[in-house]
Amino acid sequence: MNIKKAIMASMIVSSMLATLAGPIPVGAEAAQEQQQEQQSDSKKVPIDKKLAPKLQKAVNELAGKEIKLKDVGELNNGQVTLLSADEKYGVHFDSKSGKIWSVSVKTTIDKVDKKFQNKALEQLKSTYSKKKYVFNKDVTQSRSYDNSKGKFGDYVSYGFNGKDFSVQVNANISEGYATAFATIDIDKKELDPKLLKSATEAIKTAFDHQFDVTKATIESQWKNHTWVLQDDKVTVYMENGKAISLINEQGNKVTTNKEMTEKEAKEAVAPLAKKLYNIDITGYEVKWDSLFKDYRFVEKDDVTAVRAALDAEKNVVYIKSGSRAAAGN
């Protein structure tokens, strides 16, 4: 499979699924924090009479019959979701342009092609082989929509779940390839002691907090695995046994770059970046990211090596490295 095409497929499907229930794919978390902050902004949206026929057409095409839609949609994460009267179908579209991202339907696993079920199971087993995976009956299917042609696009997604896990399979119908993203809850007793020790030490360094893990999850995209460990205060993301992202969930970050100078931000973050990641950012350029409302510490070629948010007292609220720093997730 062409890896560039696979990445593009995951980005497109992840975007179109932003408002659907279920796991957010690991590779699509670039705006996850923004999405979480916007959860409280969910509100009812009356459907424009000029747009309604287009939404109706898309849902009818997926259903193969006339479907009664509600008169009011719900705005969440910057997109509007309009459900059918029985809430089996949904059409998801841009709240400003009216562009349709996708159409979804609640279906059952017996109606899903075995190859997609097998892809989901394969991803789960390769992520964590110690569990037995039994899928629930209900599955969410979603189809991308090509607005320029007024018909469905090439991408289809299936959201599977079961006891303590969920997995999403994204496929390109015309080219015949699929990718999968899995999220699996793990009992803390099953955690590798070395992993837990590394997480505990990193959290102590970053926040002077004694970590007592209450929830452990492993997420995977293709062959990339990320452990997410949490307690009532802190979340830490681990890859290859090392902490790559640490978040103080109780912290209140500044939301403008007027609170402190770039020099002050660098002075606050530099010692921690060195201790956690062995990265010396003293010679790096500092840039304020207005989208994520945090500071980027940039190497040559505009590569973000470290990303951090600070509170009004210049304490680190979160600090991220590697791909998570670059993407903002």
statement: Looking only at heavy atoms, the pair that brings V139 and F160 closest together is CG2-CD2, 3.9 Å
K204, NZ atom: more than 12 neighbouring heavy atoms under 6.0 Å: yes
- request: State plainly whether the residues D212 and K233 are in salt-bridge range, i.e. N to O under 4.0 Å.
  value: no
field: Distance, nearest 0.5 Å, that separates CD1 of I184 from NZ of K130
entry: 12.0 Å
field: pair I244-M238: side-chain heavy atoms closer than 4.5 Å
entry: no
task: Report yes if the side chains of V169 and T179 come closer than 4.5 Å at any heavy-atom pair, otherwise no.
output: no
message: Can you tell whether the side chains of D289 and R307 come within less than 4.0 Å, N to carboxylate O?
response: yes
- prompt: Just by distance, with hydrogens left out, do T226 and E219 show a side-chain donor and acceptor under 3.5 Å apart?
  reply: no
- request: Report yes if the side chains of L310 and V316 come closer than 4.5 Å at any heavy-atom pair, otherwise no.
  value: yes
query: Can the ring centres of W227 and Y237 be said to be less than 6.0 Å apart?
result: no
- prompt: Do N252 and D311 meet the criterion of a side-chain donor-acceptor pair at a distance under 3.5 Å?
  reply: no
query: Would you call I100 and S102 a side-chain contact if the rule is heavy atoms closer than 4.5 Å?
result: no
query: If only atom types and distance count, is the side chain of T107 paired as donor or acceptor with the main-chain N or O of D138 below 3.5 Å?
result: no
field: Residues E74, K44: salt bridge by 4.0 Å N-O rule
entry: yes
- request: Would you check if K70 and L82 make a side-chain contact, meaning some heavy-atom pair closer than 4.5 Å?
  value: yes
statement: Between S198 and A243 the two heavy atoms that sit nearest each other are OG-N, 4.5 Å
- request: Please round to the nearest 0.5 Å and tell me the distance separating atom CG of D231 and atom CD of Q210.
  value: 9.5 Å
Closest non-hydrogen atom pair between Y318 and K253, with its separation: OH-NZ, 3.4 Å
- prompt: Going by distance alone, is a donor N or O of one side chain under 3.5 Å from an acceptor N or O of the other, for H209 and N248?
  reply: no
- prompt: Under 4.0 Å between a Lys/Arg side-chain N and an Asp/Glu carboxylate O for K151 and D146?
  reply: no
message: N147 vs K54, test: side chain to side chain donor-acceptor pair (under 3.5 Å). Steps then yes/no.
response: CA-CA 10 Å; N147 290 265; K54 180 180 176 181; 3.0 Å; yes
task: Kindly indicate, with the supporting measurements, whether the criterion side chain to side chain donor-acceptor pair (under 3.5 Å) is fulfilled by Y158 and N170.
output: CA-CA 7 Å; Y158 295 94; N170 301 332; over 6 Å; no
query: Going through the distances and angles, do N240 and K242 end up as a side chain to side chain contact (heavy atoms under 4.5 Å, CB included)?
result: CA-CA 6 Å; N240 300 316; K242 297 180 179 180; 5.7 Å; no
Verdict with reasoning, Y89 to L83, per side chain to side chain contact (heavy atoms under 4.5 Å, CB included): CA-CA 6 Å; Y89 295 89; L83 296 176; over 6 Å; no
message: For the backbone of V303 and the side chain of D301, can you confirm whether one donor and one acceptor N or O come within less than 3.5 Å of each other?
response: no
- line: Sorted by chain and residue number, the side chain to side chain contact (heavy atoms under 4.5 Å, CB included) partners of L121 (sequence neighbours excluded) come out as K125, Y133, F135
- request: Report the C-alpha distance between I109 and Q117 in whole Å, list the side-chain angles of each, state the deciding distance to 0.1 Å, and finish with yes or no for side chain to side chain contact (heavy atoms under 4.5 Å, CB included).
  value: CA-CA 8 Å; I109 196 166; Q117 297 181 45; 3.6 Å; yes
field: Distance-only side-chain donor-acceptor flag, N257 / Y295, under 3.5 Å
entry: no
message: Is it true that E190 and Y128 share a donor-acceptor pair across their side chains at a distance under 3.5 Å?
response: yes
Residues which pass side chain to side chain contact (heavy atoms under 4.5 Å, CB included) with K57, listed by chain and number, not counting sequence neighbours: E61, Y145
- prompt: Is there a side chain to side chain donor-acceptor pair (under 3.5 Å) between N60 and Q56 once you walk through the steps?
  reply: CA-CA 6 Å; N60 289 351; Q56 185 72 63; 2.9 Å; yes
message: Do F181 and V167 make a side-chain contact, defined as non-hydrogen atoms from C-beta onward lying under 4.5 Å apart?
response: no
field: V156 to I173 - nearest heavy-atom pair and separation
entry: CG1-CG1, 3.8 Å
statement: V298 and Y284 have their tightest heavy-atom pair at O-CB, 3.4 Å
message: For the NZ atom on K188, are there more than 12 heavy atoms of other groups (residues, nucleotides or ligands in this structure) within a distance under 6.0 Å?
response: yes
Modelled atom types, side-chain donor and acceptor of S220 and T127, under 3.5 Å: yes
message: Between L229 and T235, is the side chain to side chain contact (heavy atoms under 4.5 Å, CB included) condition met? List the steps.
response: CA-CA 6 Å; L229 309 180; T235 299; over 6 Å; no
W288 with V269, same ILVMFWY side-chain cluster at under 4.5 Å: yes
Whether T304 side chain and V306 backbone form a donor-acceptor pair below 3.5 Å: no
query: Between atom CG of N136 and atom CG of N161, what is the distance when rounded to the nearest 0.5 Å?
result: 4.5 Å
- request: Please say which of R143, H92, Q141 ends up in a side-chain hydrogen bond (donor to acceptor under 3.5 Å, both in side chains) with S104.
  value: H92
- prompt: Less than 4.5 Å apart, any side-chain heavy atom of T217 and any of T183?
  reply: yes
message: Whether E262 and K266 form a salt bridge (side-chain N of Lys/Arg under 4.0 Å from carboxylate O of Asp/Glu) is what I want to check.
response: no
- prompt: Is the NZ atom of K274 crowded by more than 12 outside heavy atoms at less than 6.0 Å?
  reply: yes
R296 with D302: basic N within carboxylate O range, under 4.0 Å: yes
- prompt: Taking atom CD1 of I47 and atom CG of D71, what is their separation to the nearest 0.5 Å?
  reply: 8.5 Å
- request: Check whether any side-chain heavy atom of V213 lies under 4.5 Å from a side-chain heavy atom of L191, and answer yes or no.
  value: yes
field: Interatomic spacing from CD in E249 to CG in D232 - rounded to 0.5 Å
entry: 10.5 Å
query: When you look at CG of D192, are more than 12 heavy atoms from neighbouring residues, nucleotides or ligands closer to it than 6.0 Å?
result: yes
statement: Rounded to the nearest 0.5 Å, the CD1 atom of I279 sits from the OG1 atom of T282 at a distance of 12.0 Å
Over all atoms of both residues, closest heavy-atom pair of S166 and L124: O-CD2, 4.4 Å
